[in-house]
Protein chains: 2
Amino acid sequence: MPRGNCQGQGWWHGKFKGCGYRLTAGREAILDILSKSEGHLSAEDIYMKIHSRYPNVGLTTIYRTLEVLSNLGMVHKLDFGDRRARYELAEGPEGAHHHHHLVCTDCNKVVDYTDFIDEEVELLRETEKGLGAKYNFQITNHVIQFYGLCGKCSGKK
Amino acid sequence: MPRGNCQGQGWWHGKFKGCGYRLTAGREAILDILSKSEGHLSAEDIYMKIHSRYPNVGLTTIYRTLEVLSNLGMVHKLDFGDRRARYELAEGPEGAHHHHHLVCTDCNKVVDYTDFIDEEVELLRETEKGLGAKYNFQITNHVIQFYGLCGKCSGKK
DNA sequence: TCTGATAATGGAAATGGTTTTCACTAACTA
DNA sequence: TAGTTAGTGAAAACCATTTCCATTATCAGA
(Lines give C-alpha, C1' and ligand atoms only; values in the text may rest on other atoms or scores of the structure.)
Protein backbone atom coordinates (compact mmCIF):
# COMPACT_ATOMS: atom_id res chain seq x y z
CA MET A 1 0.00 0.00 0.00
CA PRO A 2 2.03 2.91 -1.29
CA ARG A 3 1.77 6.51 -0.29
CA GLY A 4 -0.08 6.03 2.95
CA ASN A 5 -3.78 6.57 3.26
CA CYS A 6 -4.97 9.46 1.18
CA GLN A 7 -8.69 9.46 1.65
CA GLY A 8 -11.48 11.94 1.85
CA GLN A 9 -10.43 14.96 -0.19
CA GLY A 10 -12.40 16.17 -3.19
CA TRP A 11 -13.30 14.10 -6.20
CA TRP A 12 -10.82 12.17 -8.21
CA HIS A 13 -8.67 14.65 -10.14
CA GLY A 14 -7.78 16.27 -6.90
CA LYS A 15 -7.46 12.95 -5.14
CA PHE A 16 -4.95 11.70 -7.63
CA LYS A 17 -2.83 14.79 -7.68
CA GLY A 18 -2.99 15.19 -3.96
CA CYS A 19 -1.50 11.74 -3.47
CA GLY A 20 1.23 12.11 -6.06
CA TYR A 21 -0.44 10.01 -8.72
CA ARG A 22 -0.44 11.11 -12.33
CA LEU A 23 -3.49 11.57 -14.49
CA THR A 24 -3.37 9.24 -17.48
CA ALA A 25 -5.71 8.27 -20.28
CA GLY A 26 -5.85 4.69 -19.02
CA ARG A 27 -6.93 5.72 -15.57
CA GLU A 28 -9.59 8.03 -16.89
CA ALA A 29 -10.85 5.29 -19.14
CA ILE A 30 -11.11 2.85 -16.27
CA LEU A 31 -12.95 5.27 -14.03
CA ASP A 32 -15.20 6.10 -16.94
CA ILE A 33 -16.11 2.46 -17.48
CA LEU A 34 -16.64 1.87 -13.79
CA SER A 35 -18.97 4.80 -13.41
CA LYS A 36 -20.98 4.01 -16.51
CA SER A 37 -21.55 0.30 -16.12
CA GLU A 38 -22.86 -0.86 -12.84
CA GLY A 39 -21.53 -3.23 -10.27
CA HIS A 40 -19.26 -6.24 -9.96
CA LEU A 41 -16.87 -6.01 -12.88
CA SER A 42 -13.86 -8.25 -13.00
CA ALA A 43 -10.55 -6.94 -14.29
CA GLU A 44 -11.16 -8.75 -17.52
CA ASP A 45 -14.69 -7.38 -17.87
CA ILE A 46 -13.20 -3.94 -17.66
CA TYR A 47 -10.48 -4.85 -20.09
CA MET A 48 -13.01 -5.98 -22.68
CA LYS A 49 -15.17 -2.92 -22.29
CA ILE A 50 -12.21 -0.64 -22.48
CA HIS A 51 -10.57 -2.37 -25.37
CA SER A 52 -13.13 -1.35 -27.97
CA ARG A 53 -12.71 2.30 -27.20
CA TYR A 54 -9.17 2.51 -25.92
CA PRO A 55 -7.41 -0.39 -27.65
CA ASN A 56 -4.06 0.35 -26.17
CA VAL A 57 -4.79 -0.03 -22.49
CA GLY A 58 -3.36 -3.32 -21.28
CA LEU A 59 -4.68 -5.72 -18.67
CA THR A 60 -1.70 -4.99 -16.48
CA THR A 61 -2.67 -1.36 -16.31
CA ILE A 62 -6.18 -2.30 -15.36
CA TYR A 63 -4.91 -4.32 -12.43
CA ARG A 64 -2.51 -1.64 -11.37
CA THR A 65 -5.10 1.09 -11.57
CA LEU A 66 -7.66 -0.93 -9.69
CA GLU A 67 -5.18 -1.41 -6.91
CA VAL A 68 -4.53 2.30 -6.73
CA LEU A 69 -8.23 3.09 -6.75
CA SER A 70 -8.82 0.54 -4.08
CA ASN A 71 -6.06 2.03 -1.93
CA LEU A 72 -7.60 5.43 -2.38
CA GLY A 73 -10.92 4.05 -1.24
CA MET A 74 -12.55 4.95 -4.54
CA VAL A 75 -13.22 1.35 -5.49
CA HIS A 76 -14.24 -1.68 -3.48
CA LYS A 77 -12.66 -4.99 -4.29
CA LEU A 78 -15.14 -7.80 -3.80
CA ASP A 79 -14.90 -11.55 -3.48
CA PHE A 80 -17.90 -13.63 -4.41
CA GLY A 81 -16.25 -17.00 -4.14
CA ASP A 82 -15.61 -17.67 -7.79
CA ARG A 83 -11.94 -17.12 -8.04
CA ARG A 84 -11.69 -13.68 -9.53
CA ALA A 85 -11.95 -10.33 -7.84
CA ARG A 86 -14.78 -7.98 -8.71
CA TYR A 87 -14.66 -4.24 -8.44
CA GLU A 88 -17.26 -1.59 -7.97
CA LEU A 89 -17.08 2.14 -7.56
CA ALA A 90 -17.40 3.23 -3.96
CA GLU A 91 -19.93 5.93 -3.29
CA GLY A 92 -19.35 8.59 -5.92
CA PRO A 93 -19.37 12.34 -5.36
CA GLU A 94 -23.16 12.48 -5.32
CA GLY A 95 -23.32 9.62 -2.85
CA ALA A 96 -24.43 6.52 -4.72
CA HIS A 97 -26.65 4.12 -2.84
CA HIS A 98 -24.84 2.05 -0.27
CA HIS A 99 -25.66 -1.62 -0.53
CA HIS A 100 -24.54 -5.06 0.54
CA HIS A 101 -24.51 -8.40 -1.20
CA LEU A 102 -26.39 -11.67 -1.20
CA VAL A 103 -24.49 -14.41 -3.00
CA CYS A 104 -25.66 -17.79 -4.29
CA THR A 105 -22.98 -20.32 -3.50
CA ASP A 106 -24.11 -22.54 -6.32
CA CYS A 107 -24.56 -20.35 -9.41
CA ASN A 108 -22.72 -17.30 -8.03
CA LYS A 109 -25.62 -15.01 -8.71
CA VAL A 110 -25.30 -11.80 -6.70
CA VAL A 111 -28.13 -9.64 -5.42
CA ASP A 112 -27.43 -6.10 -4.28
CA TYR A 113 -29.79 -5.27 -1.48
CA THR A 114 -30.50 -2.06 0.32
CA ASP A 115 -33.10 -3.45 2.71
CA PHE A 116 -32.10 -3.05 6.33
CA ILE A 117 -29.18 -0.97 5.14
CA ASP A 118 -29.88 1.84 7.54
CA GLU A 119 -29.87 -0.40 10.56
CA GLU A 120 -26.82 -2.23 9.31
CA VAL A 121 -24.90 0.94 8.64
CA GLU A 122 -25.88 2.33 12.00
CA LEU A 123 -24.65 -0.75 13.84
CA LEU A 124 -21.56 -0.87 11.69
CA ARG A 125 -20.69 2.69 12.52
CA GLU A 126 -20.98 1.95 16.22
CA THR A 127 -18.99 -1.24 15.92
CA GLU A 128 -16.37 0.45 13.85
CA LYS A 129 -15.89 3.11 16.43
CA GLY A 130 -15.68 0.61 19.25
CA LEU A 131 -13.34 -1.76 17.51
CA GLY A 132 -11.13 0.98 16.19
CA ALA A 133 -10.58 2.27 19.69
CA LYS A 134 -10.19 -1.08 21.38
CA TYR A 135 -7.83 -2.68 18.90
CA ASN A 136 -6.16 0.51 17.72
CA PHE A 137 -7.28 0.04 14.14
CA GLN A 138 -7.94 2.79 11.66
CA ILE A 139 -10.92 1.21 9.94
CA THR A 140 -11.59 2.25 6.37
CA ASN A 141 -14.00 -0.28 5.03
CA HIS A 142 -16.27 -3.18 5.81
CA VAL A 143 -17.88 -6.10 4.10
CA ILE A 144 -21.21 -7.71 4.89
CA GLN A 145 -22.29 -10.56 2.73
CA PHE A 146 -24.87 -13.29 3.02
CA TYR A 147 -24.37 -16.63 1.35
CA GLY A 148 -26.93 -19.25 0.46
CA LEU A 149 -28.85 -20.83 -2.35
CA CYS A 150 -31.03 -18.79 -4.64
CA GLY A 151 -34.48 -20.05 -5.48
CA LYS A 152 -33.39 -21.71 -8.68
CA CYS A 153 -30.48 -23.56 -7.09
CA SER A 154 -32.21 -24.71 -3.95
CA GLY A 155 -35.02 -25.89 -6.19
CA LYS A 156 -32.86 -28.20 -8.26
CA LYS A 157 -32.02 -30.01 -4.99
CA MET B 1 -21.85 -28.40 -4.79
CA PRO B 2 -22.67 -32.11 -4.65
CA ARG B 3 -25.41 -33.79 -2.72
CA GLY B 4 -27.57 -30.78 -2.05
CA ASN B 5 -27.60 -29.08 1.28
CA CYS B 6 -27.21 -31.46 4.16
CA GLN B 7 -27.05 -29.24 7.18
CA GLY B 8 -28.09 -29.31 10.77
CA GLN B 9 -28.10 -32.92 11.88
CA GLY B 10 -25.95 -34.27 14.71
CA TRP B 11 -22.21 -34.02 14.92
CA TRP B 12 -19.91 -35.07 12.20
CA HIS B 13 -19.96 -38.85 11.97
CA GLY B 14 -23.66 -38.69 11.51
CA LYS B 15 -23.43 -35.73 9.24
CA PHE B 16 -21.09 -37.50 6.91
CA LYS B 17 -23.02 -40.72 6.77
CA GLY B 18 -26.29 -38.95 6.44
CA CYS B 19 -25.12 -37.16 3.34
CA GLY B 20 -23.57 -40.20 1.72
CA TYR B 21 -20.00 -39.28 2.45
CA ARG B 22 -17.58 -41.90 3.63
CA LEU B 23 -15.53 -41.74 6.77
CA THR B 24 -11.82 -41.81 5.99
CA ALA B 25 -8.60 -41.40 7.89
CA GLY B 26 -7.73 -38.26 5.95
CA ARG B 27 -10.99 -36.59 6.81
CA GLU B 28 -10.68 -37.44 10.45
CA ALA B 29 -7.16 -36.11 10.46
CA ILE B 30 -8.23 -32.83 8.94
CA LEU B 31 -11.10 -32.34 11.35
CA ASP B 32 -8.76 -33.23 14.15
CA ILE B 33 -6.25 -30.58 13.14
CA LEU B 34 -8.95 -27.99 12.65
CA SER B 35 -10.44 -28.54 16.04
CA LYS B 36 -7.10 -28.58 17.86
CA SER B 37 -5.40 -25.58 16.34
CA GLU B 38 -7.31 -22.39 16.31
CA GLY B 39 -8.43 -20.16 13.51
CA HIS B 40 -7.49 -19.14 10.00
CA LEU B 41 -5.52 -22.06 8.63
CA SER B 42 -4.69 -22.18 4.95
CA ALA B 43 -4.82 -25.47 3.09
CA GLU B 44 -1.07 -25.60 3.21
CA ASP B 45 -0.95 -24.87 6.94
CA ILE B 46 -3.16 -27.86 7.44
CA TYR B 47 -1.06 -29.93 5.10
CA MET B 48 2.06 -29.19 7.08
CA LYS B 49 0.47 -29.93 10.40
CA ILE B 50 -1.03 -33.14 9.14
CA HIS B 51 2.05 -34.32 7.36
CA SER B 52 4.07 -35.03 10.47
CA ARG B 53 1.44 -37.31 11.91
CA TYR B 54 -0.29 -38.65 8.81
CA PRO B 55 2.42 -38.53 6.14
CA ASN B 56 0.28 -39.99 3.42
CA VAL B 57 -2.48 -37.41 3.24
CA GLY B 58 -1.97 -35.28 0.16
CA LEU B 59 -2.68 -31.62 -0.43
CA THR B 60 -5.36 -32.56 -2.92
CA THR B 61 -7.28 -34.40 -0.27
CA ILE B 62 -7.05 -31.42 2.00
CA TYR B 63 -8.61 -29.20 -0.61
CA ARG B 64 -11.28 -31.72 -1.41
CA THR B 65 -12.15 -32.32 2.20
CA LEU B 66 -12.27 -28.64 2.98
CA GLU B 67 -14.72 -28.16 0.16
CA VAL B 68 -16.92 -30.92 1.50
CA LEU B 69 -16.76 -29.53 5.01
CA SER B 70 -17.57 -26.11 3.73
CA ASN B 71 -20.56 -27.43 1.82
CA LEU B 72 -21.73 -29.17 4.95
CA GLY B 73 -21.45 -25.91 6.83
CA MET B 74 -18.91 -27.39 9.22
CA VAL B 75 -16.12 -25.11 8.09
CA HIS B 76 -16.05 -21.48 7.03
CA LYS B 77 -13.89 -20.50 4.12
CA LEU B 78 -12.44 -17.05 4.67
CA ASP B 79 -10.79 -14.48 2.46
CA PHE B 80 -8.47 -11.97 4.06
CA GLY B 81 -7.21 -10.42 0.88
CA ASP B 82 -3.90 -12.19 0.59
CA ARG B 83 -4.55 -14.63 -2.13
CA ARG B 84 -5.08 -17.82 -0.27
CA ALA B 85 -8.22 -19.11 1.38
CA ARG B 86 -8.31 -19.67 5.13
CA TYR B 87 -10.49 -22.12 6.91
CA GLU B 88 -11.89 -22.31 10.39
CA LEU B 89 -14.22 -24.69 12.09
CA ALA B 90 -17.76 -23.40 12.31
CA GLU B 91 -19.35 -23.60 15.73
CA GLY B 92 -18.58 -27.05 17.09
CA PRO B 93 -20.95 -29.32 18.96
CA GLU B 94 -20.58 -27.41 22.19
CA GLY B 95 -21.09 -24.09 20.39
CA ALA B 96 -17.74 -22.40 20.07
CA HIS B 97 -17.71 -18.64 20.37
CA HIS B 98 -19.06 -16.88 17.34
CA HIS B 99 -16.80 -14.09 16.16
CA HIS B 100 -16.08 -11.78 13.26
CA HIS B 101 -12.86 -10.44 11.82
CA LEU B 102 -10.88 -7.25 11.70
CA VAL B 103 -8.22 -7.29 8.99
CA CYS B 104 -5.20 -5.07 8.45
CA THR B 105 -4.96 -4.33 4.74
CA ASP B 106 -1.27 -3.70 5.02
CA CYS B 107 0.24 -6.55 7.05
CA ASN B 108 -2.77 -8.87 6.85
CA LYS B 109 -2.94 -9.26 10.58
CA VAL B 110 -6.33 -10.56 11.64
CA VAL B 111 -8.11 -9.90 14.91
CA ASP B 112 -11.03 -12.06 15.97
CA TYR B 113 -13.45 -9.94 17.90
CA THR B 114 -16.52 -10.83 19.85
CA ASP B 115 -17.42 -7.32 20.93
CA PHE B 116 -20.81 -6.24 19.68
CA ILE B 117 -21.35 -9.79 18.50
CA ASP B 118 -24.72 -10.08 20.16
CA GLU B 119 -26.09 -7.00 18.48
CA GLU B 120 -24.57 -8.01 15.20
CA VAL B 121 -25.94 -11.50 15.35
CA GLU B 122 -29.33 -10.20 16.31
CA LEU B 123 -29.48 -7.80 13.40
CA LEU B 124 -28.07 -10.43 11.09
CA ARG B 125 -30.76 -12.88 12.07
CA GLU B 126 -33.45 -10.31 11.27
CA THR B 127 -31.83 -9.34 8.02
CA GLU B 128 -31.36 -12.92 7.04
CA LYS B 129 -35.01 -13.64 7.59
CA GLY B 130 -36.09 -10.58 5.65
CA LEU B 131 -33.74 -11.10 2.74
CA GLY B 132 -34.41 -14.80 2.53
CA ALA B 133 -38.10 -14.15 2.15
CA LYS B 134 -37.84 -11.21 -0.19
CA TYR B 135 -35.29 -12.65 -2.58
CA ASN B 136 -36.20 -16.28 -2.15
CA PHE B 137 -32.79 -17.22 -0.85
CA GLN B 138 -32.03 -20.03 1.53
CA ILE B 139 -29.32 -18.28 3.51
CA THR B 140 -26.75 -20.47 5.20
CA ASN B 141 -23.92 -18.19 6.14
CA HIS B 142 -22.74 -14.64 6.41
CA VAL B 143 -19.53 -12.70 6.55
CA ILE B 144 -18.84 -9.49 8.38
CA GLN B 145 -15.38 -8.08 8.17
CA PHE B 146 -13.79 -4.75 8.87
CA TYR B 147 -10.73 -3.60 7.02
CA GLY B 148 -8.23 -0.96 7.96
CA LEU B 149 -4.75 -0.32 9.21
CA CYS B 150 -3.56 -1.78 12.47
CA GLY B 151 -1.67 0.43 14.87
CA LYS B 152 1.71 -0.67 13.64
CA CYS B 153 0.91 -0.11 9.96
CA SER B 154 -0.87 3.21 10.31
CA GLY B 155 2.06 4.34 12.42
CA LYS B 156 4.67 3.70 9.77
CA LYS B 157 2.75 6.21 7.53
C1' DT C 1 7.64 26.10 -23.78
C1' DC C 2 11.19 23.04 -22.99
C1' DT C 3 13.37 19.60 -20.20
C1' DG C 4 14.69 16.33 -16.87
C1' DA C 5 13.20 13.17 -13.30
C1' DT C 6 10.53 9.51 -12.66
C1' DA C 7 5.75 7.56 -12.64
C1' DA C 8 3.17 4.77 -15.73
C1' DT C 9 2.72 1.51 -19.38
C1' DG C 10 2.21 -2.92 -22.05
C1' DG C 11 3.62 -7.35 -23.48
C1' DA C 12 5.63 -11.39 -22.17
C1' DA C 13 7.06 -14.33 -18.73
C1' DA C 14 6.69 -15.87 -14.11
C1' DT C 15 3.99 -17.00 -10.02
C1' DG C 16 1.50 -19.87 -7.12
C1' DG C 17 -2.85 -21.22 -5.03
C1' DT C 18 -6.27 -24.31 -6.51
C1' DT C 19 -8.32 -27.86 -9.72
C1' DT C 20 -8.27 -31.59 -12.80
C1' DT C 21 -6.86 -36.06 -14.49
C1' DC C 22 -6.20 -40.76 -14.00
C1' DA C 23 -5.09 -45.07 -12.33
C1' DC C 24 -5.36 -47.13 -7.88
C1' DT C 25 -7.27 -48.07 -3.13
C1' DA C 26 -10.44 -48.44 0.46
C1' DA C 27 -15.38 -47.80 2.61
C1' DC C 28 -19.52 -49.37 2.88
C1' DT C 29 -23.71 -52.09 1.43
C1' DA C 30 -26.04 -56.14 0.41
C1' DT D 1 -17.01 -61.50 1.46
C1' DA D 2 -17.57 -59.31 -2.84
C1' DG D 3 -18.85 -55.73 -5.69
C1' DT D 4 -19.80 -50.94 -6.26
C1' DT D 5 -18.15 -46.66 -6.30
C1' DA D 6 -16.45 -42.81 -3.40
C1' DG D 7 -12.03 -41.29 -2.11
C1' DT D 8 -7.07 -40.82 -2.85
C1' DG D 9 -2.17 -39.11 -4.25
C1' DA D 10 0.96 -37.43 -7.61
C1' DA D 11 1.64 -34.90 -11.40
C1' DA D 12 -0.04 -31.90 -14.74
C1' DA D 13 -3.08 -28.29 -15.96
C1' DC D 14 -5.30 -23.98 -14.93
C1' DC D 15 -5.66 -19.23 -14.81
C1' DA D 16 -6.17 -14.85 -12.28
C1' DT D 17 -2.82 -11.89 -10.86
C1' DT D 18 2.14 -10.13 -10.50
C1' DT D 19 6.56 -9.20 -11.88
C1' DC D 20 10.09 -7.75 -15.23
C1' DC D 21 11.99 -4.58 -18.16
C1' DA D 22 12.62 -1.58 -21.83
C1' DT D 23 9.90 2.29 -23.50
C1' DT D 24 6.77 6.27 -23.09
C1' DA D 25 4.31 9.99 -21.03
C1' DT D 26 3.18 13.20 -17.18
C1' DC D 27 4.22 17.18 -14.90
C1' DA D 28 7.09 20.39 -11.96
C1' DG D 29 10.43 23.65 -12.37
C1' DA D 30 13.37 26.54 -15.21
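Scope of the values below: all heavy atoms of this structure, side chains included, with no hydrogens, waters or symmetry mates. A note on names: the letters A, B, ... follow the listed sequences, proteins ahead of strands, and every chain is numbered from 1.
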Distance (rounded to the nearest 0.5 Å) between A:R64 CZ and A:I30 CD1:
10.0 Å
Options C:dA8, D:dT5, C:dT21, nucleotide nearest the side-chain atoms of B:R64
C:dT21
Choose from C:dC28, D:dT19, D:dA16 the nucleotide whose nearest atom is closest to any side-chain atom of A:E44.
D:dA16
On DNA chain D, more 5' by nearest nucleotide between B:N56 and A:R86 is B:N56
Using side-chain contact (heavy atoms from CB on, under 4.5 Å), reason through B:H99 and B:E120 one step at a time and then give a plain yes or no.
CA-CA 10 Å; B:H99 63 269; B:E120 284 183 5; over 6 Å; no
Taken to the nearest whole Å, CZ/B:F16 to P/C:dC28 is 11 Å
Using whole Å, report how far CZ of B:R27 lies from P of C:dA27.
11 Å
Would you kindly give the CG-to-C1' distance between B:D45 and C:dG17, to the nearest whole Å?
13 Å
Rounded to whole Å, how long is the line connecting atom OH of A:Y47 with atom C1' of D:dT17?
15 Å
Picking from D:dT8, C:dA8, C:dT18, which would you name as closest to the side chain of B:R84?
C:dT18
Per the atom types in the model, does the base of D:dT5 pair as donor or acceptor with the side chain of B:R22 at under 3.5 Å?
yes
How far apart are the C-alpha atoms of B:I46 and B:K49, what are their side-chain angles, what is the distance that settles it, and do they pass the side-chain contact (heavy atoms from CB on, under 4.5 Å) test?
CA-CA 5 Å; B:I46 297 172; B:K49 281 178 190 271; 5.8 Å; no
B:I46 has an atom CD1; how far is it from atom C1' of C:dG17, in whole Å?
14 Å
Spacing between A:E67 atom CD and C:dA7 atom C1', to the nearest angstrom:
15 Å
State yes or no: are the ring centers of B:H98 and B:H76 separated by less than 6.0 Å?
no
Once you round to the nearest 0.5 Å, how far does CG of A:L102 lie from OH of B:Y135?
8.0 Å
Look at the side chain of A:T24 and decide which nucleotide, out of D:dT17, C:dC28, C:dA8, has an atom nearest to it.
C:dA8
Nucleotide D:dC15, atom P - distance to CG of A:D82 in whole Å:
13 Å
How would you label the contact of A:A85 with the nucleic acid (heavy atoms, under 4.0 Å): base, sugar-phosphate, or nothing?
sugar-phosphate
Which of C:dT18, D:dT17, C:dA8 is nearest the side chain of B:Y63? It is C:dT18
Whole-Å distance, B:I50 CD1 to D:dT8 P, equals 11 Å
Ranking A:I62 and B:L59 by the position along DNA chain C of their nearest nucleotide, the one closer to 5' is A:I62
